[in-house]
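Here is the structure we will look at, set down as C-alpha cells.
So that the names make sense, note that chain A is the first sequence line, chain B the second, and so on, each numbered from 1. These numbers were taken from a predicted model, which means no experiment stands behind them.
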Amino acid sequence: MTPDFERVDPDYWQLLVEFWSFSDTNATWVLIGAVLLGMSASVIGTFSFLRKRSLVGDVLAHSALPGVMVAFILSHSNQPLVMFAGALSSSMLGLLLMGWLPKNTKIKPDAAMAITLSFFFAMGLLALSYIQGLPIPGKSGLDKILFGQAAAMLPADLYLLSAVAVVVLVMVWVLFHKLRLVAFSPDYARTLGLPLVGYELTLALLIVSAVVIGLQLVGVVLMAAVLLTPIAAARFWHRQLTVMLGIASLIGALSGAISANISYMAPTMPTGPWMVVVLSMIFLVSFLFAPQRGLLSNLLRQRRFKKQVRAENLLRSFYLLNERRQQSKGNFLQASLNRVFSEEELLSHRPMPYGSLMKGLRELARNGYLVYARADKGWALTEWGAAVALELTRRHRLWETYLVTEAGLSPQDVHRQAEKMEHLLTAEEIERLAELLEQGPQSGKGVKDPHGRLIPLTEEPSS
Amino acid sequence: MIMGDFWILATASLVGVSTALVGVLLILRRMSLLGDAISHSVLLGIVLAYLISGSRSVIAMMIGATLIGLMTAWLSNSLHRLGKLQTDASIGIIFTWFFAMGVILISVYAGQVDLDQDCVLYGEITMVPFDMVIMGEKMLGPRALWLIGGVTLLNLLVVVVAFERFRLVSYHPLLALTLGVNVTFWHYLLMTLVSLTTVASFEAVGAILVVALLVIPASSAYLWARSLKQMMWAAVGYAQSAVLLGYALAAWLDLAIAAAIATLTGLQLLLTIAVMQWRQWWRRRVSFRDRDAYTR
Amino acid sequence: MAFPPLSVQQLSMRYQHNPVLTDVSFEIPCGQTVAILGPNGAGKSTLLKGMMGLVPLMSGRVRFFGDPLAKRQLSIAYVPQREESDWDFPINVMDVVLMGRHGRLRFWQRPTAEDRALATEALAEVKMLAFQDRQISELSGGQQQRVFLARALAQRASLYLMDEPFAGVDMTTERAMTDLFARLKAQDKTIVCVHHDLNTVEAYFDWVILINSRLVDAGPTSKVLTEDNLKKTYGGRLSLLNQMTEKMYRSNIDKVHDDA
C-alpha cells in the first residue's frame with residue numbers, strides 16, 4: 001500500500017451531487033452493495049449477539065484471510081467466486097477450531113477465540129507476503145481486503161456481493177422463527193426435536209457468508225463491528241426482536257450508504273474504518289439519547305422521580321401533622337383543609353434544607369395540592385392534596401402491616417422500608433395488598449397498623 | 001548486515017519475552033479478548049500522540065497509548081454496566097471504533113504521520129536497525145530495542161515483585177477480595193502493562209499480530225504447566241523458539257518476519273495439543289491393555 | 001458485653017435479576033456452628049457473599065465483632081463454593097493453602113517459614129498433608145473441599161463463612177469436616193455454613209438461620225427447627241414482597257429518597 005492521499009483538492013460538492021444523482025453506474029452499484037451488505041450483516045449479526053457470541057464475527061472475518069490467499073495461490077486468479085469459496089472454507093475451519101479447542105483442551109472459550117483469530121490472521125499475512133514475491137498478475141488488489149476499499153471493487157464482485165446479501169436476508173426471513181428459538185433457548189429447541197446442529201450450522205454459514213462478502217468493502221479487521229454495532233445500537237430503541245431487526249438493518253444500510261459516498265469522494269480511503277466510525281457514532285447517539293433506554297432519558301426520569309418523592313414526602317408530613325392535631329371524630333379530610341402549618345413546623349417534622357423545602361412547597365402549590373395562607377403565614381392542604389396525602393399514608397401503613405403479618409418482620413423494622421415503598425406502590429398493588437390483609441374497601445373500618453395507628457380508607461374528595 | 005540481523009532478532013526476542021509474561025496473566029484472568037481489544041486500540045493512542053506532539057517522541061507515544069488502552073478497558077466496562085450490554089459486545093464496540101479512527105487518521109494525515117497501514121499490520125521489524133539511538137559519537141543500538149527493552153524490564157520487575165499478588169488475583173479474584181486485596185488496582189495495572197507492551201511491540205510486529213504473541217505462547221504453556229512460574233518460563237520459551245524459527249523461515253522464503261513468528265506460535269500450539277492428545281490416547285490404551293491382561 | 005461475631009441489620013439483596021432477600025436482620029452467638037437454610041434460590045449463597053462484600057447490598061448493615069468488614073477482614077475466613085473456582089489453574093495444593101496468609105503479606109512479600117508452618121499445620125488438620133505437592137486439578141471433589149478448608153484455617157480467623165461445604169463430598173471429607181468443626185468450636189471459633197441437607201442439620205449445627213425472601217427465624221436448632229418454621233421456609237414465596245423489592249431496586253429509590 002502507498003500513502004494514499006491526493007494533494008489536489010477535488011470538488012467534494014460536485015462529487016456528492018454526482019453520487020446521489022446515480023449518474024455513475026459503478027458508484028450506484030457500490031452503493032447498492034454497501035447498503036445490502038450493511039443490512040444483511042446487521043440482521044445476521046443480531047442472532048450471534050442474541051446467542052451471546054458477539055465477537056464470533058471478528059474471529060470468522062480474521063479467519064477468512066488465509067483462505068483468500070491460498071485460493072489465489074492455487075488458482076492464480078482473483079475471480080470473485082474463487083475468492084468467496086476460499087474465504088468461506090477457511091472461515092469455517094476457524095469456526096471449527098474455535099469450538100474444538102475449549103471442548104477438548106483446558107483452553108477457555110475466550111482464549112480460543114483470540115487464538116483462532118490471531119493464528120489465522122498471521123497465516124493470512126504470511127501467505128500475502130509470499131504472494132507479493134510471486135510473479136503473478138492480479139495480486140495488487142489482495143491487500144485491499146484488510147481494510148476494504150469500495151473503489152477498488154469490480155462489477156463482478158458487486159454482483160456476487162449483492163446476490164449473497166439478498167440470499168442471507170431471504171434465508172433469515174424464511175427461518176426467522178426457528179433462528180429466534182435456537183438463539184433464545186437452544187436446549188429447549190433440542191427437546192422439541194429440532195435438528196439443532198443443522199440450524200447452528202445454517203446460522204454459522206449465514207454469518208460466514210455475510211462476513212466474506214464484506215471483506216472487500218469493510219475488510220477483515222473491522223468486519224466484526226458491522227455485525228455487532230447495529231444491533232447493540234438498535235437495542236436502545238426497542239425491545240421487540242422484529243422491530244430491533246428492522247432498526248438494526250436500517251442502521252446497517254445507513255452506514256453502508258454513507259461510507260459508499262465517502263469512498264466515492266475519496267477513492268483511496270479505506271472504506272471499512274469509515275463504515276465503522278459511522279456505526280459507532282450511531283451507537284453513541286443511541287446510547288445517549290434513545291428515548292426510554294438512553295442514558296439521558298434515564299437521568300431525566302431519575303430527576304422526575306426525585307421531585308415526585310420530595311413532593312410525596314411533604315404531603316405525608318402534612319397528613320401526619322394533621323393527624324396530630326385531629327381531636328374529635330370529625331371528617332378528617334374536611335378538617336384538614338383549614339389547618340395551616342408553618343415552614344418551621346414542617347422542618348421540625350422532617351428535617352431538610354430550607355431551600356429544598358420551599359422548592360417542594362411551591363411546586364405542590366403550583367400543582368394544586370397546597371395553598372399558601374397569607375394571613376396565617378403557612379401552608380394548608382387543598383381537597384385534592386388531602387386525598388393524595390391520605391392515600392399515601394394508607395399505602396405506607398398497609399405495607400407496614402403486610403411486612404409484619406406476612407413477612408414476619410418486627411414492627412420497629414418496617415417503617416424505614418415502608419417510607420420508601422409508599423412512593424412505589426400502585427393502586428392495583430394496594431388493592432391486592434388490602435385483599436391479602438382481608439380488608440376490602442368496605443370491611444375493616446378502623447384497622448390499625450403495627451404502630452397502633454389507624455389505616456385510613458380511601459375516600460372520594462367530596463366535590 | 002549480520003549486525004542488522006542481530007538487532008532484529010534481539011528486538012523480536014524481547015517482544016517475545018514481554019508479551020509472553022503479560023499474556024500468561026491475561027489468559028489466566030480470562031481476559032484474552034480485552035487484551036486483543038487493547039492491542040487494537042493503542043493504534044489510536046499512537047497516532048494521536050504523533051499528531052499532537054508532532055514527533056516520534058517515545059514518551060508521548062507511551063502516554064497516549066497507555067491512556068487509550070486504559071480507556072478501552074474502562075469504557076467497555078462502563079458500557080457493560082450502563083448500557084447493560086454483554087461484556088464481549090461492549091469490548092467489540094469500543095475497540096473497533098478506536099481502531100477505525102486510528103486507521104482513518106493515518107490515511108488522512110498520511111503526509112504528517114510516519115506510519116502507514118502496512119506498519120499497522122506487519123510492523124516494520126526490518127527497519128529496526130535503521131533507526132539507531134545515537135549519543136555523541138556512539139551508536140547505542142536501535143530505538144525500538146531500547147523501547148521494548150525498557151518495557152520488558154518493567155514487566156519483569158512488576159511480575160517478580162508482585163508475583164504472589166498476581167497469582168492470588170488471577171486464581172480467585174473473589175477470594176482475593178475477601179482477603180482485602182484491591183482487585184481493581186491489579187486489574188488496571190495489568191491493563192497498563194498490556195498497553196505498554198503492545199505499544200513497544202507495535203513497531204516490531206504491528207497492532208494485530210501482537211495478539212498472537214500475547215495469547216498463543218501462554219496458551220501452549222497453560223496446557224501442561226503445573227505452576228504459574230513454570231507457565232511463565234514455558235511461555236517465554238515458546239515465544240523465543242517461535243522468534244528464532246520464524247525468523248529463519250522468513251529469511252529462507254523471503255516472507256514477512258512478524259507474520260512468520262506469529263504463525264509459528266500457532267503451529268507450536270497445535271503441536272503441543274497433538275502431543276498431549278497422543279499421550280492421553282496412549283495412556284488410555286496402555287491402561288486398557290493392563291486391565292485386559294488382569295481380567296484374563 | 002462482647003460484640004457478636006456477626007450481626008446483620010435490615011439487609012436487602014438481589015441476585016442476577018431478582019430480589020432474593022428483603023430486610024434480613026439477625027445476630028449469631030460466638031463459638032457455635034450455624035447453618036443458613038432455605039429453598040433453592042432463596043439467596044443463601046448471595047447472603048454470604050453480600051456479607052463478605054463480594055456482591056453489592058441493596059441496603060442494610062453488616063458488622064463483624066461490632067466493626068465493619070474492612071476492619072476485621074483478617075479475622076474472617078471465607079470458603080467459596082467449590083464450583084466457583086478455577087481448577088485448571090496451574091498451581092499446587094501448598095500454594096493454594098498459602099494464599100490464606102496473603103491478607104497479612106504486603107504485595108512484594110513472599111510467604112515466610114512461619115507461614116509455611118501454619119499452612120502445613122492446616123493441611124495436616126484436614127488430613128491433606130500427603131497431597132501438598134499435588135496439582136489441584138488432580139484432586140477429588142472432597143479433597144478439593146478440604147484444601148479450601150485448610151486455606152481458611154491457615155488464615156487463623158475467628159469466624160468462618162463457608163458456602164455449601166458439604167455439597168458433593170465423600171464420607172471421609174464429611175467426617176474430617178465435622179471433627180474439625182468440633183475442634184474449632186473448642187477454640188471458641190464461630191462457623192457459618194450455607195447448608196442444603198435438612199437431615200444433617202441437627203447433627204452438625206447448634207444454631208440455624210432460616211431464610212426465604214425474608215428471615216423466617218433464627219435461633220438455636222432445637223428451638224427454631226420446627227415444622228411450622230420449615231413450612232414457612234420451604235413453602236411459597238412472598239411474591240408481592242419480591243416484586244416490590246425489585247421495583248425498589250429499579251427505581252433507585254434508596255438514593256433518591258435520601259437526596260430528596
Exercise. Tell me, side chain or backbone of Leu269(B) under 4.5 Å from chain A's heavy atoms, or both, or neither?
Worked result: side chain
For this session: Under 4.5 Å heavy-atom distance to chain A, tell me which part of Met276(B) shows up: side chain, backbone, both or neither.
Result: neither
Exercise. Non-hydrogen atoms of chain A under 4.5 Å away: do they reach the side chain of Leu82(B), the backbone, both or neither?
Worked result: both
Exercise. If we only count heavy atoms from C-beta on, is the Leu85(B) to Phe49(A) side-chain gap below 4.5 Å?
Worked result: yes
For this session: Please check if atom CH2 in Trp74(B) has more than 12 non-hydrogen atoms from other residues, nucleotides or ligands closer than 6.0 Å.
Result: no
Exercise. In terms of heavy-atom proximity below 4.5 Å to chain A, should Ile94(B) be classed as side chain, backbone, both, or neither?
Worked result: neither
Problem set entry | Side chain / backbone / both / neither for Gln277(B) at chain A, heavy atoms under 4.5 Å | side chain
Exercise. At a heavy-atom separation under 4.5 Å, does Leu117(A) approach chain B through its side chain, its backbone, both, or neither?
Worked result: side chain
Seminar exercise, completed: Quick note, salt bridge (Lys or Arg N to Asp or Glu O under 4.0 Å) partners involving residues 96-116 of chain A, not counting sequence neighbours, are Lys108(A)-Asp88(C)
Exercise. Listed by residue number, which members of residues 238-247 of chain B have a heavy atom under 4.5 Å from any heavy atom of chain A?
Worked result: none
Exercise. Any side-chain heavy atom of Val211(B) sitting closer than 4.5 Å to one from Phe119(A)?
Worked result: no
For this session: State, yes or no, whether a side-chain contact exists between Phe287(A) and Ile93(B) at a heavy-atom distance under 4.5 Å.
Result: no
Problem set entry | Within-4.5 Å side-chain heavy-atom neighbours: Leu101(A) and Ile273(B) | yes
For this session: To the nearest 0.5 angstrom, please state how far the OG atom of Ser129(A) sits from the CD1 atom of Ile257(B).
Result: 10.0 Å
For this session: Check Val103(B), Thr96(B), Ile104(B) against Val276(A) for a side chain to side chain contact (heavy atoms under 4.5 Å, CB included) and give me the one that passes.
Result: Thr96(B)
Exercise. For Phe98(B), is it the side chain, the backbone, both or neither that has a heavy atom under 4.5 Å from a heavy atom of chain A?
Worked result: neither
Problem set entry | Check: Ala111(A) main-chain N/O paired with Arg30(B) side-chain donor or acceptor under 3.5 Å | no
Seminar exercise, completed: Bottom line for Asp254(B): the part with an atom under 4.5 Å from chain A's heavy atoms is backbone
Problem set entry | Atom CZ of Arg279(B) with >12 non-hydrogen neighbours under 6.0 angstrom | no
